[in-house]
Amino acid sequence: MRDQFGRSIEYLRISVTDRCNFRCIYCMPERGIEWLPKPQILSYEEITEVVRQLAPLGLRRLRITGGEPTVRPELARLVGMLRAVPDIEDIALSTNGAKLPQLAEALRAAGLDRVNMSADSLRPTRIAEIARRDLGFNPVAAAQAATDAGLDPIKINVVVVRGINDDEVEDFAALTLERAWHVRFIELMPVGDLAGTEFERVVPSDEVLARISARFGALESAEGPARGNGPAAYHRIAGAAGSIGVITPLTHTYCDTCNRVRLTADGRLRTCLYGDHEMNLRDALRAGAPLAPLFAQALANKPREHELLKLRVGGLKALSEVGG
Ligand code: SAM
Ligand code: SF4
């Protein structure tokens, strides 16, 4: 599967719900989000059918995301169904981690390979402020539960927001000293309630890395985790067990190596995180039509790069709408 610019597309991010048990200040507004009506949401059988039809075309890697995927009941059942599709080599989950201690074992047993967990603070009060919910989320305990269940690698995603959690960059980096976790710092993208404030709020990745090396010494460049290397560039504190990554949608775009497309919870295929390049797969699926021609058409229109820097207030209401 190649797009119009010759990029090989082998990775699908599947949003299984637009709902979430958090309301992160940088992702969702507190109010005013309309949830998708249930009949519009793809069933697990329909999601699996999309994957079954795309696997022969070259689809190899899946990520289950949302919204918060763990709020959808029986997520492990979906993992098991996707695991049974021939040629799928890698199944990952993006989660806010709140339910990981309860679910990690069952997800692993169903065939999940690995997890990316979001964590924006290590301080309980601040976690609740950023998430606008207090679910008693403990990031270190949640990542440890995933490690203990055998999920590997463990990536921890931190959205760095100036004035909100940028004073914890060094604390997050310190998590990699003893544990083989991969902590990735993400530049804030201008969506949701913080859209329009990115110039004050974005902490460029070069600044993040400079702060870490000021504390821990010069960073080595690192390979990063063996599986699932996406848009992050990796570094390592000398002698550390884990690595430090930066994801830089704003300061260094990586669209030329983009290998992914997205499936929204209601069955739209999005070929770019930003922009309106969408194809409704759900109606074709429910009508029993083959998806391969639609997929080929969507790839032929996949844009060369995202238009994030052109978007301002009034763009996406929430990153959760399109699966992050
Ligand atoms: N609920 C899951 C989670 O939080 O990991 C999966 C969905 S979430 C939309 C996917 C990723 O998008 C998370 O790592 C989250 O931190 C990130 N994200 C959300 N809003 C963002 C923003 N405005 N800028 C940068 N990253 C953002
Ligand atoms: Fe929910 Fe994830 Fe968005 Fe936070 S970043 S509101 S956890 S979807």
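Computed from a prediction, not measured in an experiment: that's the story for all the values here. Atoms within each ligand, like the ligands themselves, are counted from 1 in listed order.
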Inset, instruction - Decide whether the shortest distance between a heavy atom of Gly66 and an atom of ligand 2 is less than 4.0 Å. - result: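 No heavy atom of Gly66 comes that close to ligand 2.
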At what distance, to the nearest 0.5 angstrom, does [atom1] of [X] lie from [atom2] of [Y]?
| X | Y | atom1 | atom2 | result |
| --- | --- | --- | --- | --- |
| Glu45 | Leu78 | CD | CG | 9.0 Å |
| Leu93 | Leu62 | CG | CG | 12.0 Å |
| Asn96 | Met117 | CG | CE | 9.0 Å |
| Arg268 | Leu281 | CZ | CG | 11.0 Å |
| Leu175 | Glu170 | CG | CD | 12.5 Å |
| Ser121 | Glu168 | OG | CD | 3.5 Å |

Return yes or no for this condition: an N or O of [X] is under 3.5 Å from an N or O of ligand 1.
| X | answer |
| --- | --- |
| Cys20 | no |
| Thr95 | yes |
| Arg13 | no |
| Thr65 | no |
| Met189 | yes |
| Tyr26 | yes |

Legend entry - Cluster check Leu82, Ile41: I/L/V/M/F/W/Y, side chain < 4.5 angstrom: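 Looking at the clustering, Ile41 is in a separate group from Leu82.
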Legend entry - Backbone or side-chain N/O/S of Cys20 under 2.8 Å of atom 4 (Fe) of ligand 2: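 No, Cys20 does not qualify, because none of its backbone or side-chain N, O or S atoms lies under 2.8 Å.
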Legend entry - Proximity of Asn157 to ligand 1 by residue part, where a heavy atom lies under 4.0 Å: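 Under 4.0 Å from ligand 1, Asn157 contributes side-chain atoms alone.
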Legend entry - Contact partition for Glu187 relative to ligand 1, non-hydrogen atoms under 4.0 Å: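 Just the backbone.
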Any atoms of ligand 1 less than 4.0 Å from a non-hydrogen atom of [X]? List them with their elements.
| X | result |
| --- | --- |
| Cys27 | 19 (C), 20 (N) |
| Glu68 | 1 (N), 2 (C) |
| Ser94 | 2 (C), 6 (C) |

Legend entry - Enumerated ligand 2 atoms positioned under 4.0 Å from heavy atoms of Asn96: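 Within the 4.0 Å cut-off of Asn96, ligand 2 contributes 7 (S).
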Legend entry - Atoms of ligand 2 close to Gly67 [distance to a heavy atom under 4.0 angstrom, numbered from 1]: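 The list of qualifying atoms is 8 (S).
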Legend entry - Gly67 near ligand 1 by a heavy-atom separation under 4.0 Å: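 It does; at least one heavy atom falls under 4.0 Å.
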Legend entry - Cys24 near atom 3 (Fe) of ligand 2 via N/O/S, less than 2.8 Å: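 So Cys24 does not count as coordinating atom 3 (Fe) of ligand 2.
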Legend entry - Under 3.5 Å side-chain donor-acceptor pair for Ser243 and His182: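 On atom types as modelled, these side chains qualify, holding a pair under 3.5 Å.
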Legend entry - Donor on one side chain, acceptor on other, Tyr26 and Arg201, under 3.5 Å: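 There is no such pair between these side chains.
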Inset, instruction - State whether Tyr11 and Arg61 meet the cation-pi test: NZ (Lys) or CZ (Arg) under 6.0 Å from the six-membered ring centroid, and within 45° of the perpendicular axis. - result: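 Ring-cation test returns yes.
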Inset, instruction - May I have the step-by-step check of side chain to side chain contact (heavy atoms under 4.5 Å, CB included) for Gln40 and Arg282, ending in yes or no? - result: CA-CA 8 Å; Gln40 289 186 20; Arg282 186 189 63 212; 3.3 Å; yes
